[in-house]
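What's counted below: heavy atoms across the whole structure, side chains too, no hydrogens, waters or symmetry copies.
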Amino acid sequence: MARHSDWEKLERLMPAVREFQALASEHGIDDIFQDNGGKILQMLLALNLQGIPGREGNDAVDVEGREYELKSVNIWLTAGFSTNHHINVPIINKYRQVCWVFAIYEGIEMRRAYFMPAEKLEVYFSAWEQKWLGSQKDINNPKVPLQFVIDNGELLYADERELDLARASAIRAARTKASADRKKAKASAQEELALGAGEAAEDNPVAIVRRRRRRS
């Protein structure tokens, strides 16, 4: 199979990518392309935190020994911070024991980071807990709203540019529409393909012979 015309461009970039991964490995991140590894590294270094290796525990610890959950959102894609795809009471209780950092991204650029103690998130923890107790089923990735974090968090990091939430909202809307248009076009193409296949099947010699036999 022939390589894409951009393959050589990618190969020229790989030394920097490998250097990025080497730095990440020093901070307990095994793969910058998995589980938001690259963004986690940015957050660790910007906020002077130390990563905690492994996928099951908390994400980071500070010089005083306090542990943190680190969450990020690309506001060009969504307006809520993801949590966990299997929220249950043990996970909620774990969340109650740690500090939280929420980082706001535009694409791959970190624009803001907010600190929030677990107590300020109790309104969500309690709601999730009650929902789980009522259903006895894990909750699939409930979100912490972007605006709640901005309104209630303590700003830890900011770049020198204005954060334009209205523009981000417009970008999300445009991308949502483009995605819907692509799905509609795909469905239409599949329908036309199916109709074409049906017509072709009707015209093939075997189908013609079978129709003639049925008539006779």
Side-chain angles (χ1 to χ4, degrees), residues 1-14 16-17 20-21 24 29 31-44 46 55 59 69-87 100-114 116 121 124 127-128 131 137-153 155-200:
M1 182 180 295
R3 290 172 177 170
H4 192 279
S5 59
D6 283 337
W7 173 256
E8 291 184 2
K9 185 184 296 184
L10 177 61
E11 283 292 281
R12 290 195 296 271
L13 294 172
M14 284 306 296
V17 175
F20 188 8
Q21 178 58 62
I29 298 169
D31 189 339
I32 57 173
F33 294 132
Q34 186 175 2
D35 297 327
N36 267 348
K39 289 182 177 179
I40 292 292
L41 178 62
Q42 288 178 303
M43 296 167 70
L44 293 177
R55 299 184 61 178
D59 296 315
E69 279 286 323
L70 305 181
K71 300 298 181 183
S72 63
V73 64
N74 178 359
I75 59 172
W76 288 348
L77 299 179
T78 185
F81 292 88
S82 295
T83 52
N84 188 295
H85 288 286
H86 302 282
I87 289 290
W100 289 68
V101 171
F102 297 93
I104 298 173
Y105 278 78
E106 289 181 342
I108 63 169
E109 303 287 342
M110 187 165 72
R111 302 295 316 283
R112 301 288 188 275
Y114 290 86
M116 195 172 289
L121 291 160
Y124 292 102
W128 301 341
K131 183 175 181 178
K137 293 181 180 179
D138 290 356
I139 307 169
N140 183 21
N141 195 22
K143 304 292 196 299
V144 177
L146 169 67
Q147 196 61 54
F148 177 84
V149 170
I150 293 174
D151 291 343
N152 295 279
L155 185 63
L156 295 180
Y157 169 87
D159 61 10
E160 297 179 355
R161 295 173 292 158
E162 178 184 358
L163 186 64
D164 191 340
L165 296 180
R167 177 173 176 266
S169 179
I171 291 173
R172 290 196 302 272
R175 291 188 175 185
T176 299
K177 182 179 183 303
S179 177
D181 289 344
R182 287 194 298 272
K183 289 179 181 178
K184 183 177 180 181
K186 181 179 179 180
S188 178
Q190 289 174 333
E191 183 178 353
E192 290 179 5
L193 184 62
L195 289 173
E199 292 172 357

Just jot down the side chain to side chain contact (heavy atoms under 4.5 Å, CB included) partners of Glu11, sequence neighbours excluded, or say none. Trp7, Met14
Around Ile108, counting heavy atoms of other residues, nucleotides and ligands shown, do more than 12 lie under 6.0 Å from its CD1? no
Under the criterion salt bridge (Lys or Arg N to Asp or Glu O under 4.0 Å), which of Glu106, Glu160, Glu162 is the partner of Arg111? Glu106
Donor-acceptor under 3.5 Å (Asp164 side chain, Ala166 main chain):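 Flag set: sc Asp164 to bb Ala166 pair under 3.5 Å.
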Is a side-chain donor or acceptor of Ser169 paired with a backbone partner of Leu165 at a separation under 3.5 angstrom?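 It does not hold such a pair.
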Considering all heavy atoms of both residues, which atom of Met110 and which atom of Ala103 are nearest to each other, and what is their separation? SD-CB, 3.9 Å
Side-chain contact, heavy-atom cut-off 4.5 Å: Phe102 with Met43? no
Which is it for Leu156 and Arg112 under the side chain to side chain contact (heavy atoms under 4.5 Å, CB included) test, yes or no, and what are the steps along the way? CA-CA 8 Å; Leu156 295 180; Arg112 301 288 188 275; over 6 Å; no
Among Val101, Leu155, Asp151, Asn152, which one satisfies side-chain contact (heavy atoms from CB on, under 4.5 Å) with Tyr114?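 In the set Val101, Leu155, Asp151, Asn152, the residue that makes a side-chain contact (heavy atoms from CB on, under 4.5 Å) with Tyr114 is Leu155.
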Report the distance from atom CG of Asn140 to atom OG1 of Thr83, rounding to the nearest 0.5 Å.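 Reported to 0.5 Å precision, the distance equals 8.5 Å.
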By side chain to side chain donor-acceptor pair (under 3.5 Å), which residues pair with Asp138, not counting sequence neighbours? Trp132
Residue set satisfying ring pair (Phe, Tyr, Trp, His ring centres under 6.0 Å) with Tyr105, at least two apart, ordered chain then number -> none
